Structure formats: C-alpha cells, structure tokens
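Remember, it's 1-based here, ligands and their atoms both numbered in the order they're listed. Just so you know, these numbers come straight off a predicted model, no measurement behind them. As a basis for the values below, the full set of heavy atoms in this structure was taken, side chains included, without hydrogen atoms, waters or symmetry mates.
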Amino acid sequence: MPEPMHKRAASITPEAASCLFLISAPSGSGKSTLVGELFRLVPGLEFSISYTTRPSRGSEEHGREYFFISREEFKRMLADGDFLEYAEVFGNYYGTAWSFLEDARRRGADLVLDIDVQGAAQVRQRHAGTVSIFIAPPDRDTLAWRLRNRGLDTPEVIEHRLRDASREIAAYNEYQYVLINDELPRSVERLQAIVLVERARRRGWPKVLQESRMPAAERFRLERLAEECLQFRVAERLAPVLHSFGIATVRV
Ligand code: 5GP
C-alpha cells in the first residue's frame with residue numbers, strides 16, 4: 001500500500017492535544033481485560049475505535065470494537081490521508097483515524113489507542129508527547145497456555161501468534177513503560193497509576209490535587225507505582241521474560 005498523506009499532521013500540536021496513551025501487547029497478554037478495567041476505574045478516557053479489514057468475531061459490533069470495512073474502503077481512506085497510523089497485522093489492515101484524535105481533543109478527553117508495535121512507532125514519530133505502555137506476558141509458556149485455553153485458535157495459529165509475540169516483545173524498548181502482566185489486580189493498579197500520573201503531570205499536580213482532593217500520600221503512592229514500570233526500572237524483572245522468548249538481552 002502507498003504511504004498515506006498526512007494532511008492533518010500539521011494541525012495537531014502536542015500542547016493542544018489531549019493525552020494520548022498507546023498500549024501494545026502480544027495477543028493473549030491480557031490487554032483487553034486490563035484496558036477494560038482501566039476504563040471502569042478512570043473517568044475521562046476515550047477508546048479509539050480502529051478501522052479494520054478483518055471480519056467481525058463473535059459478538060463484536062461495527063462501531064463498538066472496530067469499524068469493519070472492506071479492503072477497498074480501507075485503501076480509499078488511506079489515500080485520503082484519513083489515518084494517523086495503520087499496519088497489517090495477521091494479514092488484515094488496521095488503522096486509527098485522525099478524526100478520533102481530533103474529536104477527543106475537542107472534548108478535552110484523553111485517548112487510549114490499542115495498537116500493535118508498528119502502529120505505535122508511527123504515532124510516536126508523528127505525534128510528540130504520547131505515553132507508550134507495553135504489556136508483556138509473564139513468560140512464553142504462560143502465553144502459550146493462555147492462547148490454548150481461550151480456545152479461539154488452531155495449534156498452527158497459536159504457533160504463529162507465539163512467533164509474532166517474540167517479534168513484538170523484542171520492541172519493548174521502544175516503550176516508555178513496561179507492564180509484566182503476571183497478576184491481574186497488580187497490573188490493573190499499575191496501569192491506572194501510569195495513566196493518572198501522566199495525566200496529572202500534563203495538567204499540573206497542584207490543580208489535580210485540589211480538584212480531586214487527593215491526599216499527598218496517594219500522589220506519592222501513584223508516582224512510585226508508575227515509576228516502577230518505567231522501562232529501565234523493569235529491565236531486571238523483564239530479563240527472564242525475554243529469555244523465555246529467546247530474545248537476547250544486552251547487559252550494560
Ligand atoms: P485483533 O484483531 O485481535 O482485535 O487485533 C490484532 C492486533 O491489531 C492487536 O495487536 C491490536 O492491538 C492491533 N490493532 C488494533 N487496532 C489497530 C490499529 O488501529 N492500528 C494498529 N497498528 N494496530 C491495531
């Protein structure tokens with residue numbers, strides 16, 4: 001596919017934009033559950049509904065999980081410069097429309113993008129001031145078990161997903177935060193802390209503390225939790241995860 005024209009790129013400045021959270025994870029890492037919990041707990045977040053050429057699955061609805069469109073429609077939107085980013089994942093195209101970003105900004109809402117590592121790299125390049133979070137499974141065996149257990153895929157597809165997972169996990173160092181999803185309540189708490197801390201930094205802590213009547217101790221608890229997930233702080237805990245996927249780590 002041709003590179004799209006980014007006709008709207010100049011109109012979005014980082015100062016004017018709302019917080020943009022990029023969340024990526026290999027299939028089966030528990031991202032959907034985590035993101036669902038995040039939306040339940042944190043008000044003022046909007047989910048960017050992507051366009052995709054993949055057929056809908058199960059109870060998915062057009063306009064709720066995705067906008068399901070044909071390859072022709074996707075190509076037309078791409079040529080019209082409608083996408084902030086797009087990527088081919090598992091043989092289907094997925095793209096985030098500029099309009100979602102613009103609408104969220106107009107409403108003063110923060111936007112969450114659940115996109116793959118290729119898409120996240122494009123957004124980071126085109127949009128300064130994003131917050132990127134990578135969700136990693138605890139290890140390869142656990143991921144394989146989760147994929148088998150959810151019963152959605154054949155053994156061949158599972159093998160394919162595991163290979164893709166290794167490729168995606170190798171891109172962890174492009175993300176600001178890394179969350180190892182070993183225990184759901186702890187991961188939810190950490191993800192919530194990252195979002196609240198980044199948002200408060202953008203808006204200014206004094207204003208946030210006053211408006212939310214958050215005690216100072218809570219601010220420090222959230223900051224500590226978020227800090228523990230900064231990529232460089234996670235390195236040691238992540239090493240065995242990378243090892244289980246056969247990804248070499250460089251000791252510094
Ligand atoms: P699924 O088809 O299982 O819902 O998603 C497959 C993958 O596509 C996931 O890794 C998901 O994060 C990614 N994805 C969903 N929407 C987009 C999008 O708009 N852009 C990109 N680059 N990836 C997306």
Side-chain angles (χ1 to χ4, degrees), residues 1 3-4 6 8 20-36 38-39 46-71 73-78 80-104 111-127 130-137 143 146-154 157-172 174-175 177-179 181 191 245:
M1 282 206 187
E3 256 301 289
H6 298 289
R8 300 193 181 100
L20 195 57
F21 295 99
L22 308 178
I23 305 186
S24 303
S27 179
S29 302
K31 177 178 56 178
S32 307
T33 312
L34 271 173
V35 171
L38 178 69
F39 274 82
E46 288 185 12
F47 185 73
S48 166
I49 302 169
S50 301
Y51 287 79
T52 183
T53 62
R54 92 148 156 74
S56 65
R57 283 195 295 241
S59 62
E60 287 179 337
E61 272 179 32
H62 181 81
R64 193 177 65 191
E65 284 82 6
Y66 286 106
F67 293 106
F68 298 98
I69 58 172
S70 67
R71 285 177 99 86
E73 283 172 296
F74 196 95
K75 282 183 191 166
R76 204 173 318 126
M77 287 183 73
L78 188 58
D80 285 347
D82 288 339
F83 291 126
L84 161 63
E85 63 76 36
Y86 81 100
E88 190 180 355
V89 186
F90 304 130
N92 294 303
Y93 288 102
Y94 294 81
T96 307
W98 277 108
S99 55
F100 256 90
L101 188 58
E102 292 165 341
D103 290 349
L111 195 62
V112 175
L113 267 58
D114 165 352
I115 59 178
D116 84 322
V117 296
Q118 311 166 69
Q122 293 170 44
V123 179
R124 269 193 302 265
Q125 254 175 28
R126 290 169 191 153
H127 195 289
T130 54
V131 179
S132 57
I133 305 159
F134 189 85
I135 298 168
L143 183 65
R146 284 182 189 165
L147 288 171
R148 269 185 236 116
N149 212 38
R150 66 182 191 178
L152 285 177
D153 304 312
T154 61
V157 172
I158 290 177
E159 269 315 302
H160 190 154
R161 290 201 189 280
L162 287 170
R163 274 197 303 278
D164 274 354
S166 299
R167 184 183 48 78
E168 295 209 292
I169 291 169
Y172 80 93
E174 296 170 14
Y175 290 73
Y177 293 98
V178 177
L179 246 173
N181 190 15
L191 183 59
F245 282 92

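- Side-chain contact between F39 and F47 is present, with at least one heavy-atom pair separated by less than 4.5 Å.
- Residue G91 comes nearest to R71 through the heavy atom pair O-NH1, 3.5 Å, listed as atom of the first residue, atom of the second, then distance.
- Between R126 and E85, no side-chain nitrogen of the basic residue sits less than 4.0 Å from a carboxylate oxygen of the acidic one, so the salt-bridge criterion is not met.
- The nearest heavy-atom contact from the protein to atom 16 (N) of ligand 1 is S50 OG, 3.1 Å.
- Here E65 has no heavy atoms under 4.0 Å from ligand 1, in either its backbone or its side chain.
- Each of the atoms 9 (C), 10 (O), 11 (C), 12 (O) of ligand 1 lies under 4.0 Å from some heavy atom of K31.
- Near A87, the atoms of ligand 1 lying under 4.0 angstrom from a non-hydrogen atom of the residue are 22 (N).
- Applying side chain to side chain contact (heavy atoms under 4.5 Å, CB included) to S48 and the options L101, L20, T96, V112 leaves one that passes, T96.
- Proximity of Y66 to ligand 1, defined as any heavy-atom pair under 4.0 Å, is confined to the side chain (atoms from C-beta onward).
- Close contacts between ligand 1 and V89 involve ligand atoms 7 (C), 8 (O) [criterion: under 4.0 Å to a heavy atom].
- Closest of all the heavy-atom pairs between R146 and G30 is NH1-N, 4.3 Å.
- Listed by number with element, the atoms of ligand 1 under 4.0 angstrom from any heavy atom of G119 are 22 (N).
- Looking from atom 2 (O) of ligand 1 to the surrounding protein, the closest heavy atom is Y94 OH, 2.4 Å.
- A cation-pi geometry, defined here as NZ or CZ lying under 6.0 Å from the six-membered ring centre and within 45° of its normal, holds between R161 and F90.
- Ligand 1 lies within reach of G95, whose nearest heavy atom is under 4.0 Å from it.
- Contact check on D164 versus R167 returns a salt bridge, with a Lys/Arg side-chain nitrogen under 4.0 Å from an Asp/Glu carboxylate oxygen.
- Counting only non-hydrogen atoms, the option in E60, E85, E88 that gets closest to atom 18 (C) of ligand 1 is E85.
- Heavy atoms of Q118 come nearer than 4.0 angstrom to ligand 1 in no pair at all.
- Geometrically, R163 does not engage F245 in a cation-pi contact defined by less than 6.0 Å to the ring centre and at most 45° from the axis.
- In terms of protein heavy-atom proximity, atom 13 (C) of ligand 1 is nearest to D116 N, 3.9 Å.
- Near D114, meaning under 4.0 Å from one of its heavy atoms, ligand 1 places the atoms 11 (C), 12 (O), 14 (N), 15 (C), 16 (N), 17 (C), 24 (C).
- Atom numbering of ligand 1 starts at 1 in the shown order; those under 4.0 Å from a heavy atom of R57 are 1 (P), 2 (O), 3 (O), 4 (O).
- Distance check, rounded to the nearest 0.5 Å: CG of L113 to NE2 of H127 gives 9.5 Å.
- Between E168 and ligand 1, no pair of N/O atoms sits closer than 3.5 Å.
- Here the closest heavy-atom approach between residue F134 and residue P26 is recorded as CZ-CD, 3.8 Å.
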